[in-house]
Amino acid sequence: MPSAGVEPPAKRRKWQKDANMVTIGGKAFSLEGYLDPTSRSEPTKATTLPETLATTADDKTKCSALSAEKKSDSRPRKDGRTGDRTRAPKIVAEDAALLKSRQELPIWHHRSEIQAALRNPDCNVLVLVGETGSGKSTQVPQFLYQESWCRRRKAKPSGSQDEVAVGGTIAITQPRRVAATTLAQRVSREVGTPLGKGKPDGLVGYSVRFDHVVPRGTKIKFLTEGTLLQELLRDPQLRQYSAVIVDEIHERSLDVDLLVGFLKQILTDGFHGRGGIPLKVVIMSATADVDVIRKFFTNPPGSDNMSERLQVVRIKGRQYPVEIMHEPRPVPDIQDALMKRILKIHLEEPLPGDILAFFTGQEEIESAQKLIEEHAQSLASNVPKIKVCPLYGQLSMEGQRDAFMPAGAPFTRKIVLATNIAETSVTVPGVRYVVDCGKAKVKKYRPRLGMESLLATVISKSSALQRSGRAGREGPGKCFRLYSESTFESFQDSDLPEILRSDVLSAVLTMKARGVGDVLSFPLMDTPDSDSIERALLQLHYLGALSGDGAITLAGETMAKLPIPAPYGAVLLAAARPEFDCVVEAIDIISCITSGEDIFLQLQSEEAQEEVGALRKEIQRREGDIITYLTSMQRYTGENADRNEWCKRLRMNMRNMRQALNIRRQLRGMCLKEKLLTGPLPADPQPFTPIDPVRADIIVKCFMRGFGLKTAMLAPDGSYVTVQGKHVVAIHPASVLHGQKKEAIMFLEHVFTNKNYAKRVSAIRANWIVEALESRY
DNA sequence: GAGCACTGC
């Protein structure tokens with residue numbers, strides 16, 4: 001056997017024959033070639049890898065839905081017109097105050113500089129570094145949409161006889177839906193064509209999942225990155241656009257990395273597919289790390305003169321000063337230090353000024369809340385009162401609301417205990433003091449183990465900067481870092497981009513579906529290691545998305561169009577086959593799973609758990625989580641009276657349930673279009689009839705077509721051992737099968753936290769594993 | 001016996 005590390009990757013597949021042999025019912029099976037080729041045990045401890053770009057955000061107009069709503073309608077309206085327009089739109093409701101506030105933005109003075117840069121026919125890429133509050137997201141599209149290069153034109157793409165229309169619209173991408181929609185609302189008011197019901201014409205629109213508002217005559221279109229990637233599938237040259245503005249690139253989402261790869265391809269193609277009409281690209285970042293972007297767009301050096309075509313403009317932000325305090329030396333107990341610091345700030349710092357403290361997770365927040373509330377009882381009467389507000393993603397809407405409201409009572413300080421959610425996703429108003437523990441929980445995919453880890457990890461410098469910036473939104477503030485200055489200096493500059501810490505399965509499928517033959521040579525700012533890509537290719541082949549020579553199959557093309565991870569796409573395709581015939585049920589299940597973290601709210605107290613446990617008996621099924629999701633959706637949609645009331649009673653996550661319903665509608669529509677379903681489907685509500693066990697087995701078997709490798713068998717000692725890699729896994733406590741012993745299990749997720757957990761688990765028979773694997777060969 | 005945060009024609 002060859003020794004580790006010297007063998008070229010392609011030859012490594014013959015390794016560890018023993019680890020890839022499965023004995024089921026006395027029959028030995030080789031999973032070689034389809035399984036993890038190097039399934040040596042890898043320590044599952046957190047590792048800190050080099051990080052590349054930064055995480056801060058310009059979120060002046062982007063905040064939580066809660067605070068965004070509050071902001072948008074509080075502005076005084078006056079009639080007036082702006083001089084910033086050559087053609088007056090039909091609907092004129094320009095607001096002098098709006099124009100004035102626009103002119104006060106730091107970016108306003110760079111207006112002609114930005115316009116001039118892109119008027120230069122040799123300049124197709126503009127990099128804009130604008131700090132928080134510079135106004136870049138709202139103003140840059142308005143600076144550009146009336147430029148002459150932005151006009152819609154007729155052109156003949158090479159190899160085509162027909163003229164097509166090219167350009168006319170500016171796309172501007174955002175990582176989050178709320179950002180895309182609230183920015184579109186704001187910009188539409190600024191240009192004088194506010195979005196609203198019964199307004200078919202307008203200059204500004206947006207397009208996000210489940211919500212597309214694109215008026216006739218739209219010149220500026222806000223999109224999420226994912227939506228533009230989907231458009232790219234239909235229109236690889238992005239012909240409807242004259243420019244694409246990529247905002248918040250420093251967040252380095254997986255989608256944005258793919259997006260700029262495709263943009264670079266369009267740029268380096270010489271615009272043949274656009275009849276020679278250029279596509280201008282504006283890259284906007286909140287951090288000054290321009291080099292990665294510059295290098296990406298001008299690479300390989302000498303192959304073209306891209307370096308001359310790329311310009312950089314830097315804009316100062318508008319932010320109040322924040323005084324930063326470090327600990328003199330590392331603290332021994334972070335949780336204890338957080339508590340002490342929060343109380344010290346409360347006693348020493350004047351009102352007004354709320355406190356925002358960054359914790360790593362829900363558990364830490366809950367225990368800290370308890371302790372602070374206890375302590376608050378014993379405060380002297382001349383000390384302000386305390387209102388503690390937890391803030392984390394899994395918290396219900398009502399639970400989060402307090403964090404965004406003023407403390408309410410007089411002589412009271414709000415203390416918000418938050419996870420990373422408060423770093424970029426939402427803005428907490430009223431904060432003057434920030435406490436930063438220096439850590440965050442980060443999910444990281446481990447391709448060798450085919451599993452994820454979720455562990456508290458040290459943050460990056462840009463993350464620390466972003467956290468401290470939260471103290472200076474409304475006035476001068478203070479940030480207390482619970483680590484030393486030298487510890488800060490040891491942080492990486494920026495966080496590891498998502499593409500380097502996630503499963504690239506769907507990313508590779510996306511590339512293949514958009515005609516990228518050689519995935520390894522696709523231009524990326526950061527390239528995952530070839531091992532990860534090879535595994536993804538192998539698994540896509542296993543799922544039937546790629547043929548033996550790596551070309552995309554018809555099934556793969558369908559999977560790429562579906563807005564769900566590739567393995568679920570494979571399940572849907574299998575469900576359409578006559579032997580399974582369960583597309584409707586599979587959609588119900590997949591909708592529940594992909595709607596968010598979980599549709600079941602997790603409960604704190606044991607009494608509440610027991611109480612709801614009894615109520616949930618009516619939807620829980622012994623077959624496991626998949627069938628439990630199915631009955632949940634069937635019960636929910638079968639509910640005649642009040643669905644929200646039903647959610648409350650069973651402690652279901654209402655937001656995720658509604659999202660699941662949206663996904664269900666979308667998937668049903670797409671499956672009808674893709675001929676995976678024949679309509680018409682029965683309308684809701686349908687009377688609830690529990691699914692019979694035979695049918696339940698068929699559905700679970702169908703899921704094995706996507707997750708056949710995510711299986712484990714019960715060992716004699718009562719533990720579960722994975723078929724792939726032979727690791728011990730425990731059934732996660734959130735699963736209905738937690739604590740139960742079944743012959744074998746299939747799981748849809750595999751996460752390491754304090755141990756190896758299988759999540760979304762179903763009971764299976766061992767011979768089903770054989771069937772699922774045999775059906776592949 | 002446990003849950004960082006986003007997101008998709």
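Naming: A, B, ... by sequence-line order, numbering from 1 per chain.
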Does the side chain of [X] get closer than 4.0 angstrom to OP1 or OP2 of [N] through an N or O atom?
X: Arg177(A); N: dC6(B); result: no
X: His732(A); N: dG3(B); result: yes
X: Thr424(A); N: dA5(B); result: no

How many Å lie between [atom1] on [X] and [atom2] on [N], as a whole number?
X: Glu452(A); N: dA5(B); atom1: CD; atom2: P; answer: 14 Å
X: Asp495(A); N: dC6(B); atom1: CG; atom2: C1'; answer: 14 Å
X: Phe262(A); N: dC9(B); atom1: CZ; atom2: P; answer: 16 Å
X: Ile365(A); N: dC4(B); atom1: CD1; atom2: P; answer: 8 Å
X: Phe600(A); N: dA2(B); atom1: CZ; atom2: P; answer: 19 Å
X: His750(A); N: dG3(B); atom1: NE2; atom2: P; answer: 13 Å
X: Arg668(A); N: dC9(B); atom1: CZ; atom2: C1'; answer: 19 Å
X: Lys759(A); N: dC4(B); atom1: NZ; atom2: C1'; answer: 11 Å

By nearest nucleotide on DNA chain B, pick out whichever of Thr594(A) and Glu364(A) is the more 5' one.
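Result: Glu364(A).
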If you assign each of Ser506(A) and Val442(A) to its closest nucleotide in DNA chain B, which residue comes earlier from the 5' end?
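Per heavy-atom nearest nucleotide, the more 5' residue is Val442(A).
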Tell me every residue that passes side chain to side chain contact (heavy atoms under 4.5 Å, CB included) with Leu714(A), counting only those two or more places apart in sequence or in another chain.
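For Leu714(A), the residues satisfying side chain to side chain contact (heavy atoms under 4.5 Å, CB included) (neighbours in sequence not counted) are Tyr720(A), Lys741(A).
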Let's see if you can work this out: which of [options] has an atom nearest to the side-chain heavy atoms of [X]?
X: Val208(A); options: dA2(B), dA5(B), dG8(B); answer: dG8(B)
X: Asn754(A); options: dC6(B), dA2(B), dC4(B); answer: dA2(B)
X: Ile421(A); options: dC6(B), dC9(B), dG3(B); answer: dC6(B)
X: Leu233(A); options: dC9(B), dC4(B), dG1(B); answer: dC9(B)
X: Pro565(A); options: dA2(B), dC4(B), dG8(B); answer: dG8(B)
X: Glu363(A); options: dG3(B), dA5(B), dG8(B); answer: dG3(B)
X: Tyr757(A); options: dG3(B), dC9(B), dA5(B); answer: dG3(B)
X: Gln666(A); options: dA2(B), dA5(B), dC9(B); answer: dC9(B)

Would you indicate what Ser207(A) reaches in the nucleic acid, counting non-hydrogen atoms under 4.0 angstrom: base, sugar-phosphate, or nothing?
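Nothing, no nucleic acid heavy atom in range.
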Any base atoms under 4.0 Å from Leu254(A), or only sugar-phosphate, or nothing? Heavy atoms, all strands.
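The residue Leu254(A) makes no contact with any strand.
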For Asn420(A), all residues meeting side-chain hydrogen bond (donor to acceptor under 3.5 Å, both in side chains), sequence neighbours excluded:
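Result, side-chain hydrogen bond (donor to acceptor under 3.5 Å, both in side chains) vs Asn420(A): Arg467(A).
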Using side-chain hydrogen bond (donor to acceptor under 3.5 Å, both in side chains) as the criterion, list what pairs up with Thr558(A), not counting sequence neighbours.
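Applying side-chain hydrogen bond (donor to acceptor under 3.5 Å, both in side chains) to Thr558(A) gives none.
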Determine, for Glu597(A) against Lys759(A), whether the closest basic-nitrogen to carboxylate-oxygen distance falls under 4.0 angstrom.
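Yes, Glu597(A) and Lys759(A) are salt-bridged.
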Worked check of side chain to side chain donor-acceptor pair (under 3.5 Å) between Glu231(A) and Tyr241(A):
CA-CA 11 Å; Glu231(A) 286 192 359; Tyr241(A) 301 112; 2.6 Å; yes
Say whether Gln666(A) and Arg209(A), considering side chains only, have a donor N or O and an acceptor N or O under 3.5 Å apart.
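Per modelled atom types, Gln666(A) and Arg209(A) side chains form a pair under 3.5 Å.
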Does Arg176(A) contact dC6(B) through a side-chain donor or acceptor facing the base, at a distance under 3.5 Å?
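No pair found.
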Going by number, which of residues 220-228 of chain A have a non-hydrogen atom under 4.0 Å from DNA chain B?
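When residues 220-228 of chain A is checked for heavy atoms under 4.0 Å from DNA chain B, the hits, listed by number, are Thr224(A), Gly226(A), Thr227(A).
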Please list residues of residues 554-561 of chain A whose heavy atoms come under 4.0 Å from any atom in DNA chain B, ordered by number; otherwise none.
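Lys561(A), in order of number.
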Run Phe359(A) and Tyr392(A) through ring-ring contact (aromatic ring centres under 6.0 Å, His included) and show every step you take.
CA-CA 10 Å; Phe359(A) 287 73; Tyr392(A) 48 85; over 10 Å; no
I'd like a table of donor-acceptor pairs (distance under 3.5 Å, sequence neighbours excluded) in which one partner is a side-chain atom from residues 502-509 of chain A, with atom names and distances.
from, atom 1, to, atom 2, distance (Å)
Ser502(A), OG, Glu498(A), O, 2.4
Asp503(A), OD1, Leu505(A), N, 3.2
Ser506(A), OG, Ala566(A), N, 3.4

Between CD of Gln265(A) and CD of Gln237(A), what distance do you get to the nearest 0.5 Å?
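Answer for the CD-CD pair, Gln265(A) versus Gln237(A), is 9.5 Å.
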Plane angle bin for Phe491(A) and Tyr483(A) - parallel if under 30°, tilted between 30 and 60°, otherwise perpendicular:
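Plane angle between 30° and 60°, so tilted.
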Any side-chain heavy-atom pair from Asp257(A) and Pro497(A) closer than 4.5 angstrom?
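Side-chain contact under 4.5 Å: yes.
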